[in-house]
Structure formats: C-alpha cells, structure tokens
Amino acid sequence: MIFTARTSVLLVLTLNLALLSSCSKDTEEPPVVSEDLFINEVYSNGAGADWLELYNGSSAQKDIGGFFIYDDVAARYTLPASTLIPANGFLILICDGTATGLHTNFKLSSEGETVFLENKSNTLIDKITFPLLGKGQSYGRFPDGSSTLSISGSPTEGQSNGDTEAPAFMDVTRDPLVPSTSSNVTVQAQLISNTGITSVTLFYRLTSGSYTAIPMTLAGSYYNAIIPSAGTTGKMEYYIEATNSAGKSSTKPVDAPSDSYSYLLNTDPLPQLYINEFMASNTSCCPDKSSGTDEFDDWIEIYNAGPQAVNLAGMYLSDSKYNPFMTKIDKDNPTATTIQPGGFLVLWADESKSQGPLHLGFKLSADGEDVGLFYIDGRAIDVYTFTQQVDNVSWGRSTNGGASWKAFTTPTQGASN
C-alpha cells in the first residue's frame, strides 16, 4: 500500500473514530432491568412542590428501602429502610432537596430532565425523561407502568393514571391584548394534542356576573372563540375547559373558575407621566441602598408633568412594548409610589421585587431595548426604545417631559434634567 498525505489523514481519522466509539461504549448508560417498579408520573413546574410517583406493577408488596433514585449519578438518594409500596400501589416522593425520608436530595428541573431508579445492587430498573411542563401539568405512563408516556393536564398524584391522559394546554392568547369597551376579543387556545378532544369551551363574565359558555371551533392548530364587546367598563374574566372522549377534562388556568384570565375595560384619562431618564449599565454610579449595601442596579426615573399627584400603584413597567403587564407596581405603600406634581420617582430594574414596591421584576439591557410605563388596564402611558448604552451614563430627556433625548455623563437621578 502506498501512503499519501490524504491516506495518512484518513487513517488518523479512522483511529480517532474507533477510540471515540470505544469510549462511548464505556460511558453508555446500563440497560434497564425491569422489576415491575416504575417512575410512573412526574410533576415539575419549578414552584417548589415537585414530586415523583412510583408504581408497583406486581401483585406483591415491595420493600424498596435502600433503593436509589437520582437525577445525577454522583449524588444518588437512598430511600429509607422499610419503605413499602403495596401491590399495584403507589408511593410519592417529594423532590425538594431536603434529603429527609421520602423527600429527595434533589429538585426537579422545570426545563425537563432524566430521573433514574436503581435497586440495592445499583442495577438500573427504570428511568424517565420528562419535558418542560406547564403549570398544573404532569408527565406519566398511560396506563400505569406502560411504555406510553404523555403530558396530562390533570395530575393524578398517588392514584392510577388510567388509560389516557387529560387534555393539556400549550398556550392561550387574546387579541387585542389591551381591549377597549368596544372591542370584540378573539381568544385562542392550543392543546398539546387534539386527538380524542370532544369539546373545548370558553367561559366569560363581566364584573363578577354569571359565566356565559360558548364552544370554541378548531381552525388549524388553534381553538377560537370571540368574547363580544362589553360596551361598558368593568373587569372581564374568562377561562377555557377541554374534554376528551375518555371523559377527562382540564381547564386553563388550572384552578379555574376560582382563578381566571382577565382584562380591565377602562376609560380613565391617562396621567401625564413620562419616562424621563434611565440607566441601563450601572457599574459604579447611583447606588441602590435598599438591601443595606450599595448595589449598582439599573434604574428608571418617572416624571409627573400633571397638576395632580399620581400614585403608580397598580400600573406596570416593562422592557417590552409587546408585554405591558411585565411588572405591576405594588399597592401596599402609596407613600412610596406617589409622585407629586412636577416631581420624580426612581424605580430599580434589578429583578428583586422582594426588596420593595420600587423594585421591578426585570433588568434593562445595555445593548438596547424598550422601556415602558403602562396604565392599570395596559394602555401605554409612555414607551421609549433605546439603543446601546454606555457604563454609568444615563439617557434622558433634554428637558423634563420634553421630546428630545441626550446622554447625561453626570446623571440627574430623581432630580430635574
């Protein structure tokens, strides 16, 4: 055989691939050896109440004390001695990271992950890979212990999953997002699967009246219905219920009708408030002392150009003109959130709402984005789109409430521009 540069390269590549293949085989997960014990259902929504359900598919009680369950092989959790699961029964493990009793040493990822179950001999007897789940949704085997896995809109914690899952919603939207009293509002709902769905119903009511039910029709992948214009002010509430051929149903929101979607129909004149100045890259200027130490957070200054004091409580700030409802200003401290005529109020865009009513649930991007102030019903009071910002230089109106903007190398936070 005559070796050339090309054949030498090919030989090296072939050897590397062989080595990689060998390494891959050495690190492969071991096969699952069934013992009729299954991770049967998973509930994970990142809210701190996550759980796993184990199912004993055999006709005899099982003692699984000393078994291992984990999402990281280097940190297996050992189930307590004499942990019993009855024949064809269930056991719930709380995944809260406390590592006590039937509470595991790990939490579940709200983005989805794989969980493994091993016996005392470290033999893998089951595993389940679950996806991102919405609020009130679980992922499980239908029927119990089977290899058919689906998202369900109605968790069955500690009970049989049955033969089929409950309908599960992906998304609910409305158009327009901020309706007027004369607006017809189109509500759309998307389900994870339309198979076996027998009905999808929209329920709506105005200002705590009785709910009206209207069927939603399927067009493409969305179910649609229209809430007719109210013609008056008030709070419109609505929710959706889906039912399948197995008689299982679920709602969106999951706690409906005690919880519902809503929009406010309002005709108040908008206050004369302006986004007057902001800083989107604060590294050493204008410290926020709310936590007891200096924190150099992004900030937004609001100016009241009107003749009356205005309380911002119930209004919203956002870093997207398409999402007016991002952060609602708390109502529990009117002294802190009221702006006097000709006055200013500074709010901290620090993703730390727990620090008080003047702290927002988002940060500003120094690369540029929107910053907006919205009324209690979502109508825009003032929205500004900015470009890339400079460290410790604020950007504001040349005069308070004026039309032109400029950079302030010496920021005037909380004071006249």
Nearest non-hydrogen partners of [X] and [Y], listed with the distance:
X      : Y      : result
Asn194 : Ser221 : ND2-O, 4.4 Å
Ser320 : Phe374 : O-CZ, 4.2 Å
Pro324 : Val178 : CG-CG2, 4.2 Å
Pro167 : Asn244 : CD-ND2, 3.7 Å
Leu202 : Ala225 : CD2-CB, 3.7 Å
Tyr322 : Leu177 : O-CD2, 3.8 Å

Any side-chain donor paired with an acceptor under 3.5 Å for [X] and [Y]?
X      : Y      : answer
Ser352 : Ser354 : no
Thr385 : Asp370 : yes
Asn45  : Tyr43  : yes
Asn323 : Ser318 : no
Thr337 : Asn311 : yes
Glu35  : Asn119 : yes
Asp175 : Thr186 : no
Arg76  : Asn105 : no
Gln190 : Asp171 : no
Asp144 : Ser160 : yes
Thr243 : Ser249 : no
Glu41  : Thr156 : yes

Find out whether [X] and [Y] are in side-chain contact, i.e. whether some heavy atom of one side chain is under 4.5 Å from a heavy atom of the other.
X      : Y      : result
Tyr261 : Val187 : no
Asn88  : Tyr55  : yes
Arg205 : Thr212 : no
Val383 : Leu373 : no
Ser183 : Tyr263 : no
Phe130 : Ser44  : yes
Asp288 : Gln355 : yes
Tyr139 : Gln137 : no

_Ring center gap for Trp395 and Phe386 short of 6.0 angstrom_ = no

*Would you please indicate if the ring centroids of Tyr211 and Tyr238 are separated by under 6.0 Å?*
no

_Asp294 and Lys289: CA distance, side-chain angles, deciding distance, salt bridge (Lys or Arg N to Asp or Glu O under 4.0 Å) verdict_ = CA-CA 5 Å; Asp294 288 355; Lys289 299 179 180 292; 2.8 Å; yes

Would a distance-only check, ignoring hydrogens and angles, find a side-chain to backbone donor-acceptor pair under 3.5 Å from [X] to [Y]?
X      : Y      : result
Asp377 : Leu265 : no
Thr338 : Thr335 : no
Lys235 : Ser262 : no
Glu277 : Ile275 : no
Thr83  : Leu79  : no
Ser260 : Pro257 : no
Glu351 : Phe362 : no
Asn282 : Cys286 : yes
Asn333 : Ala336 : yes
Asp330 : Asp332 : no

_Would Phe90 and Leu54 count as a side chain to side chain contact (heavy atoms under 4.5 Å, CB included) here? Give the steps._
CA-CA 6 Å; Phe90 306 91; Leu54 302 184; over 6 Å; no

What's the spacing between [X] [atom1] and [Y] [atom2] if we round to 0.5 Å?
X      : Y      : atom1 : atom2 : answer
Phe169 : Tyr223 : CZ    : OH    : 9.5 Å
Ile94  : Leu102 : CD1   : CG    : 8.5 Å
Leu218 : Leu191 : CG    : CG    : 8.5 Å
Leu317 : Ile302 : CG    : CD1   : 5.0 Å
Ile151 : Ile192 : CD1   : CD1   : 3.5 Å
Met279 : Asp298 : CE    : CG    : 9.0 Å

*Evaluate side-chain hydrogen bond (donor to acceptor under 3.5 Å, both in side chains) for Thr100 paired with Thr98, printing each intermediate quantity in order.*
CA-CA 6 Å; Thr100 303; Thr98 59; 4.6 Å; no

*Report the C-alpha distance between Ile240 and Met216 in whole Å, list the side-chain angles of each, state the deciding distance to 0.1 Å, and finish with yes or no for side chain to side chain contact (heavy atoms under 4.5 Å, CB included).*
CA-CA 9 Å; Ile240 301 169; Met216 302 186 76; 3.8 Å; yes

*Would you check, one step at a time, whether the test side chain to side chain contact (heavy atoms under 4.5 Å, CB included) holds for Arg174 with Ile227?*
CA-CA 10 Å; Arg174 69 169 181 260; Ile227 300 175; over 6 Å; no

*How far apart are the C-alpha atoms of Phe38 and Arg141, what are their side-chain angles, what is the distance that settles it, and do they pass the side chain to side chain contact (heavy atoms under 4.5 Å, CB included) test?*
CA-CA 9 Å; Phe38 304 93; Arg141 302 180 185 277; 4.0 Å; yes

*Short N-O contact, Lys107 and Asp50, less than 4.0 angstrom*: no

*Output yes when Asp63 and Lys120 qualify as a salt bridge under the 4.0 Å nitrogen-oxygen rule, no when they do not.*
no

_Taking side-chain contact (heavy atoms from CB on, under 4.5 Å) as the definition, give me every residue that meets it alongside Lys328, ordered by chain and number, with sequence neighbours left out._
Tyr316

*Could you list the residues that satisfy ring-ring contact (aromatic ring centres under 6.0 Å, His included) with Tyr375, not counting sequence neighbours?*
none

*Identified side-chain contact (heavy atoms from CB on, under 4.5 Å) partner of Ile69 from the options Thr78, Ile64, Leu117*: Leu117

*So Trp405 and Phe278, would you call those rings parallel, tilted or perpendicular, with 30° and 60° as cut-offs?*
tilted

